[in-house]
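See below for the structure under consideration.
Indexing begins at 1, ligand by ligand and atom by atom, following the structure's order. Every heavy atom of this structure was used, including side-chain atoms; hydrogens, water molecules and symmetry mates were not.
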Amino acid sequence: MKENYSLVSLAVVVVRLMRIEMGGAFSDVLNGDGEDRLDKEMEYVKRTLGFSIPSLRPENLKLVTEEVAGIVRWKKYLDYVISNVYDKDQNEFERMEPILKQVLRLGSYELLKLEVPAYAVVNEAVKLANAASRAGAGKLANALLRAVASHKEKNTLPVPEVIGNLRSQARALGTIHSHPVWMVRRWTDRYGTEDTLKLMEWNNTRPFYALRANNATGTSRDDLIEQLKKLEVSYVKSPLLEDFVRVTSGLQEVLRSGLIQQGRCTVQDESGGLVVELLDPQPGDLVIDCCAAPGGKSLYIASRLKGKGKVIAVDINKARLQLLKDSAKKAGVSEQVSVYNVDARDMIRGKTGLADRVLLDAPCSGLGVLSKRADLRWRRTLESFEELTKLQDELLDGACKMVRPGGVLVYSTCSIEPDENIDRITSFLARNQNFILEPLEREVPREMVSREGCFYSLPYTHGIDGAFAAKLRHKA
Ligand SMILES: C[S@@+](CC[C@H](N)C(=O)[O-])C[C@H]1O[C@@H](n2cnc3c(N)ncnc32)[C@H](O)[C@@H]1O
């Protein structure tokens with residue numbers, strides 16, 4: 001922990017955690033940039049605590065964002081430890097006032113996962129609990145956090161035993177690695193225990209981000225690298241895509257530098273880049289992107305048209321589509337991109353059977369990107385699959401109508417779950433005899449091609465986000 005990481009930062013962490021729990025904010029690192037965001041954040045802090053505190057120093061924003069993401073990821077494990085050292089009824093912690101609960105999670109996270117010494121953690125947490133919660137809250141925070149610290153020191157922290165039937169084993173592993181039991185069960189059935197542990201470890205690790213140099217504004221990867229060197233940002237060239245660079249640390253410096261606002265680069269995972277590679281847009285093409293917002297793939301497609309051709313970016317969400325429109329302007333491709341705020345299940349009037357290439361980057365569970373979207377694991381349920389797969393089928397049936405004979409339809413997700421991936425393709429092909437699955441050859445690395453010939457990336461194996469894509473061709 002940095003020297004100047006003050007009580008103010010801790011108060012911001014606690015209030016952010018409360019907002020995430022109430023559904024009002026997400027823990028993604030990208031939500032943390034910009035001065036006006038900071039002003040808004042301090043306004044929330046004031047409203048939640050009931051009094052003003054000095055503003056967070058911009059240089060502490062990154063630590064706050066990372067700490068919040070870490071606590072959200074580890075929430076289940078932290079709650080388990082805290083409720084076990086709280087020698088009252090197990091539900092007592094659940095019923096505790098929300099601010100105090102977050103202070104305890106924060107303190108336990110710092111002790112157990114950041115290895116901050118107890119003297120530094122407990123005093124700050126007690127001050128925060130006293131200021132932000134009821135009288136006596138500081139005393140309770142002091143007792144509980146000291147107990148956690150003492151168990152850690154004596155190596156007597158509670159650990160659930162991985163024993164019994166598959167369900168109880170999954171329950172214990174879900175607690176130790178802080179994932180919902182149903183996810184653990186799905187993955188152990190599919191990948192076995194060893195690989196499931198690797199996947200959970202990946203999901204619990206601080207993610208890295210990749211940048212795409214935007215050729216449309218004349219920025220090559222070498223130009224981008226020059227800028228990163230000036231910003232003293234650590235990077236490695238992507239081994240998968242020639243316009244991409246992996247940022248190993250210093251993303252906040254990039255966000256603050258103005259490079260993105262100037263359209264010189266954009267934050268984009270290589271898995272998304274590979275989906276565009278597979279779509280293979282060519283200058284002069286008419287491309288329809290059916291679920292386009294906020295526009296990562298649309299803008300990359302547009303830049304590959306080299307000023308000739310068109311991307312029709314469709315999305316049901318007007319606000320997200322506006323973001324896409326603004327980004328297209330910054331990225332120098334607004335001439336190539338038209339936006340349509342419609343439901344892609346309905347036909348786009350006048351466009352039936354005309355597109356050379358159609359991309360359907362479908363709404364999905366996002367289970368391939370849990371390291372980046374720390375809160376997602378707690379928001380998804382097993383039941384959500386039924387609704388999502390129905391929507392994915394309907395969207396595929398709408399999207400395929402836009403493809404010209406001989407044209408290409410790419411279906412993609414950021415999920416690693418077969419129900420949203422290959423099962424959707426199998427079911428689509430059974431309904432639509434005029435499409436065939438085109439097995440991938442050189443478009444993506446061989447080790448990312450599934451048995452069926454689709455693109456499939458697994459985070460712990462391939463080191464990028466989990467994703468899937470299938471290339472379907474309309475029979476001429
Ligand atoms: C996975 S995101 C797309 C990400 C985007 N392709 C990118 O690369 O930035 C899925 C998008 O589908 C949109 N969506 C959901 N249902 C839709 C529908 N029925 N018609 C059109 N868009 C829809 C959502 O608003 C969301 O923006």
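Looking at L370 and P459, their side chains never come closer than 4.5 Å, going by heavy atoms from C-beta outward.
Heavy-atom distances between V314 and ligand 1 stay at or above 4.0 Å for every pair.
A side-chain hydrogen bond (donor to acceptor under 3.5 Å, both in side chains) with Q392 is found for exactly one of R424, E387, E420, namely E420. Of the candidates E452, E277, E441, E443, K471 forms a salt bridge (Lys or Arg N to Asp or Glu O under 4.0 Å) with just one, namely E443.
Summary of contacts: the protein heavy atom closest to atom 14 (N) of ligand 1 is I316 CG2, 3.7 Å. Among all non-hydrogen protein atoms, the one lying nearest atom 19 (N) of ligand 1 is D343 OD1, 2.9 Å.
Cation-pi geometry between R304 and Y300 is met: under 6.0 angstrom from the ring centre, within 45 degrees of the axis. A cation-pi arrangement is not found for K198 relative to Y191, the charged atom failing to lie both closer than 6.0 Å to the ring centre and inside a 45° cone about the ring normal.
For the pair K297 and ligand 1, the shortest N or O to N or O distance falls below 3.5 Å. Considering backbone and side-chain atoms alike, L395 places every N or O at 3.5 Å or more from each N or O of ligand 1.
Residue nearest to atom 27 (O) of ligand 1, selected from D315, L321, D269: D315 (by heavy-atom distance).
Annotation for ligand 1: atoms under 4.0 Å from non-hydrogen atoms of N317 are 25 (O).
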